[in-house]
Protein chains: 2
Amino acid sequence: MSAKRLTATQRPSQIRREREREAMRERILGAAHELFAERGIEAVTMRAIADRIEYTATALYFHFRDKEALLRALLTDDFRLFAAQFQKVATLKDPVARMRASAKAFVAFGLTYPNHYRLMFMTPLSADPGLSAGPDIDQQSPAEDAYTLLQAMVRDAASAGAIKPEFKDLELVCQLLFSGLHGVVSIQLAHNIEGQNEHARIQWRSSNKLRDAMCECLLAGIVTEDAISRSQKKSMEKRS
Amino acid sequence: MSAKRLTATQRPSQIRREREREAMRERILGAAHELFAERGIEAVTMRAIADRIEYTATALYFHFRDKEALLRALLTDDFRLFAAQFQKVATLKDPVARMRASAKAFVAFGLTYPNHYRLMFMTPLSADPGLSAGPDIDQQSPAEDAYTLLQAMVRDAASAGAIKPEFKDLELVCQLLFSGLHGVVSIQLAHNIEGQNEHARIQWRSSNKLRDAMCECLLAGIVTEDAISRSQKKSMEKRS
DNA sequence: AACTATAGTTAACGTCGTTAAGTATAATGT
DNA sequence: ACATTATACTTAACGACGTTAACTATAGTT
């Protein structure tokens, strides 16, 4: 009743407990992340995670509703990392150069973190993130972050007059770019290319070749010739 | 010793047994196929397959080395069905029209048999087909059938002068087409679009729109303008 | 008629995700 | 100050999974 009375969420012992809870969550996610990066998705079992932080498997259920929720929390970080790759090249002024750099970043991410990429874009986590969603957390869906950047990139390109006028649906352009690059990466990952023995059924071209070819095809289809030649002139200047 | 002496593989009772063995294999694969088509990959368990044909789970191991081998045998049929889709349009004379029709068939297959597509192209079956291979069977890798058709299509297009001269690596062209379309399909399947609620994070365009856009982009990048305008004139004639 | 390969069975192991029930410890109400 | 209650775990267990070992009945061969 008094003005000094602290509300339930502010009681010192409670906020300390909350902090400890959060710390425990992070320890769990850390262990899961390690296992995942080291030995792939199938090594991430509830028991293995618990072992690594010296708890029992059932303890995890106090912090995560189930394994899927745990994996989704893991994904949050990964999507942020993914988005960060595109932030890096968002400063490029020339729209076509930026698109090329983004494509490069996209494929590089997939090949650098194959396990993560697989979990993010190739594993059905009972209908990806979202599900029934519920009143879980604010969350803001960090999966969107990268896509939002992609949208911004395409919008910028459009307002710079770099997109062919027949493409009125910019969303379609975004999804076209995403699909094409995802195709390149996911095929590369599905046929784990590294160990490509000489008499393999299909001699897959290097991801660099495929990425460049895909990139130039999509750009040729989407971007005006003006914008492409402008970007080439710029990169010429840089080289000289 | 005598000339009438049948070799081991020809003894009547043996070939009958072999036939029965094959029949059993087919029953198993049939049950697996049903379960798979009806309820998806996770419903395909050794015990469920066995139940359906009124055997015990361990009996399956007499006919298949393990679950992976069983699934791979299942895939064989699926790849044949996949290849058949491209056979259908292989008769089209105009190279560009044939490429368009193949793209349509590709995406249609993926959306018609999502479970199969996922298993074929989106599920790591411990390094897809092949593995250590061993002296298993002739097999001839039916996964190749469709790819072989793709190669033939591109080669035909090239010898008809439809491919831009800068594309000297026809294999790269094949893989470019495959990657682009696979990207469209796999994204469509990963975000099971049917139940796309209105305030979903990303408003995915229809697979038809994406397929057409991807197709035209890739064609624009790969095929000569001549060939494209020729194919358009032909389709004009048809329409009139 | 004795032997042997074939095609199955039952029982079991170790793994998994997950739930139920119990147990200390710390924070709170009176 | 003491009884109560919520918190953060543990142990035990369930049912399902892929898979192996050991056993059994049947058919084919000799």
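What you see is a predicted model, and the numbers here were worked out from it, not measured in a lab. The sequence lines fix the lettering, A, B, ..., with proteins before strands; numbering per chain opens at 1.
- Distance A:Ile28 CD1 to D:dA8 C1': 11 Å, rounded to the nearest Å.
- Within a 6.0 Å radius of CD in B:Glu42, no more than 12 heavy atoms belonging to other residues, nucleotides or ligands are found.
- Candidate nucleotides D:dG18, C:dG17, D:dT10 were compared by shortest atom distance to the side chain of A:Ala59, and D:dT10 ranks first.
- In this structure, A:Leu60 atom CG and C:dC16 atom C1' are separated by 14 Å, rounded to whole Å.
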Handout entry: Working for ring pair (Phe, Tyr, Trp, His ring centres under 6.0 Å), residues B:Phe109 and B:Phe121
Key = CA-CA 12 Å; B:Phe109 178 88; B:Phe121 298 117; 7.8 Å; no
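- The pair B:Glu38-B:Arg52 meets the salt-bridge criterion, since a charged nitrogen lies less than 4.0 angstrom from a carboxylate oxygen.
- Atom-to-atom, CE of A:Met24 to P of D:dA8 comes out at 10 Å; the value is rounded to the nearest Å.
- We find that CZ of A:Arg25 is positioned 13 Å from P of D:dA8, with the value rounded to whole Å.
- Between B:Tyr61 atom OH and D:dG18 atom P the separation is 6 Å, expressed in whole Å.
- Using a cutoff of 4.0 Å between basic side-chain nitrogens and carboxylate oxygens, B:Arg98 and B:Asp156 are scored as salt-bridged.
- B:Phe106 has its ring centre less than 6.0 Å from the ring centre of B:Phe82.
- We find that B:Lys209 and A:Asp169 are not joined by a salt bridge, their nearest charged nitrogen and carboxylate oxygen being 4.0 Å or further apart.
- Residues A:Arg211 and A:Arg205 fail the side-chain proximity criterion, which asks for heavy atoms closer than 4.5 Å.
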Close N or O pairs between protein and nucleotides 24-28 of chain D (under 3.5 Å):
from   : atom 1 : to      : atom 2 : distance (Å)
D:dG28 : OP1    : B:Arg16 : NH1    : 3.1
D:dG28 : O3'    : B:Ser13 : OG     : 3.3

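- B:Gln188 and B:Tyr117 share no donor-acceptor pair across their side chains, judged by distance under 3.5 Å alone.
- The distance between atom CD of A:Glu18 and atom C1' of D:dA8, rounded to the nearest whole Å, is 15 Å.
- When the C1' atom of D:dT19 is taken as reference, atom NZ of B:Lys67 falls 12 Å away, rounded to whole Å.
- Heavy atoms from other residues, nucleotides or ligands lying under 6.0 Å from NZ of B:Lys67 number more than 12.
- Within a heavy-atom distance below 4.0 Å of DNA chain D, the residues of residues 46-58 of chain B found are B:Met46, B:Arg47, B:Thr58.
- Rounded to an integer number of Å, the gap from CG of B:Leu35 to C1' of D:dC17 is 15 Å.
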